[in-house]
Amino acid sequence: MTTPNRDQVVSLLGEIQDPELHRGLNELHMVRNLSVEGSKVTVTVALTVPNSASRPYYLEVIPAKIRNAFPHTKVDVDFVVLSEDERLALSESMRKDSPSPMAGSDSKTRVIAIGSGKGGVGKSTTAVNLAASLAKGGYSVGLLDADVWGFSVPRMLGIYEKPSVLGDLIVPPEMFGVKVVSIGLFTSEENPVMWRGPMLHKALQQFLEDVHWGDPDYLLLDLPPGTGDVAMSIAQFIPGAAMITVTTPQAVAEKVAQRAAFMAEKTGLKPTGVIENMSYFTCDHGTRYELFGRGGGETLAQRLRVPLLGQIPMDPNLMEFADKGAPIVLQAPDSAVAQAYDLCAKELVNLLQPKPKAKKRISLPLGGN
Ligand SMILES: Nc1ncnc2c1ncn2[C@@H]1O[C@H](COP(=O)(O)OP(=O)(O)O)[C@@H](O)[C@H]1O
Ligand SMILES: [Mg+2]
């Protein structure tokens, strides 16, 4: 029977990443005590907060990892919690080597705002599914719900936990490989915020600068409907950020979307593509109905001189999936809607390659592999 030595255990622990901070345990200096006596290993891990989501993860992953290499070991994991000073020091060190996406030319991140003229056209549905599709494709993705008045991203992704706060750094929860921040994670749907003007500007700045996004390949922003302050603030923080406009096929909707896109362009966002949503409905017998007219997406794309990235059909299941907190691109990947979104994501990647080259997501060592 082989028993591990201390160095072997240290090296195994080094392969484990903190699920919230996305850094190696050793690199974070989170292993506070380690005892290796024959086949008995005891590991003490530091948590950022007492009820950290990392706790159940470590309880499962650390024994699995060690026993995978040394099957007869008995592994105990216990925890300590970082002091306020230690948390601050950690947030400082993470801030230092992880510039915010708006830090400028040295940032890898492509920032893409998803906008529309009016509400209810499927902006959030599009933002969530594009994000999930990009993550599925191996890209690291952040999603900022900038619809501060009508936030819906947390519910659509089934995220209800508050983000951890490390000193003054917000650590975004991650779902389906997408890091998410929304004002909805700090407040309840019944208690909307009434932010305007400078407060709103400051809040958006905080969401961009004080969130540990970790320089993802793509950061998608779900904008509120219309032509307002949010787009203007975003453009100020990230000049030249790309903008995808979502419209439905009818002419009136296209006109409203066009106004919003031109306004956004004036403020400094760069129209990059159009997605037409609710393009058609296919009944059980295979007949295709264009319930909301046709051509809106194509016309808008021509007016803005950008490509039409895709046309998303109607699917009654979409609402159900959204209410369950499950993006359709993951839950029903073979559905026509999912395939249309996957295609849009591919087109988007073709248009905006990650800078400087695709960075693959680091997969967590689940199950001790
Ligand atoms: N292609 C579609 N087929 C069926 N329902 C859709 C489709 N796109 C969006 N919806 C539904 O329409 C409603 C509005 O979508 P949402 O993404 O919240 O719009 P917005 O963010 O533009 O206000 C939601 O209930 C959503 O589930
Ligand atoms: Mg929305």
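One is the number of the first residue; the rest follow in order along the sequence. Atoms within a ligand are numbered from 1 in the order they appear, just like the ligands themselves.
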Same cluster (ILVMFWY, side-chain, under 4.5 Å), Leu343 and Val329 = no
Same hydrophobic cluster for Leu220 and Met243, using side-chain heavy-atom links shorter than 4.5 Å among ILVMFWY?
-> yes
Hey, is the main chain of Pro216 close enough, under 3.5 Å, to the side chain of Thr109 for a donor-acceptor pair?
-> yes
Do Lys270 side-chain atoms and Gly240 backbone N/O form a donor-acceptor pair below 3.5 Å?
-> no
Hey, can you tell me if Tyr139 and Tyr218 have their rings parallel, tilted or perpendicular (30° and 60° cut-offs)?
-> perpendicular
Leu169, Ile170, Val181 screened by side chain to side chain contact (heavy atoms under 4.5 Å, CB included) with His212, the one that passes | Leu169
Which protein N, O or S atoms does the Mg ion (ligand 2) have within a distance shorter than 2.8 Å?
-> Ser124 OG
Hey, is Lys108 close enough to Asp217 for a salt bridge, meaning N to O under 4.0 Å?
-> no
In terms of heavy-atom contacts, Leu34 and Val31 come closest through CB-CG1, 4.4 Å
Protein residues that have a heavy atom under 4.0 Å from any atom of ligand 1, sorted by chain and number = Gly119, Gly120, Val121, Gly122, Lys123, Ser124, Thr125, Met156, Asn277, Met278, Pro313, Met314, Asp315, Leu318, Met319
Dump the intermediate steps for side chain to side chain donor-acceptor pair (under 3.5 Å) on Thr48 and Ser164, then the final yes or no.
-> CA-CA 8 Å; Thr48 51; Ser164 313; 4.7 Å; no
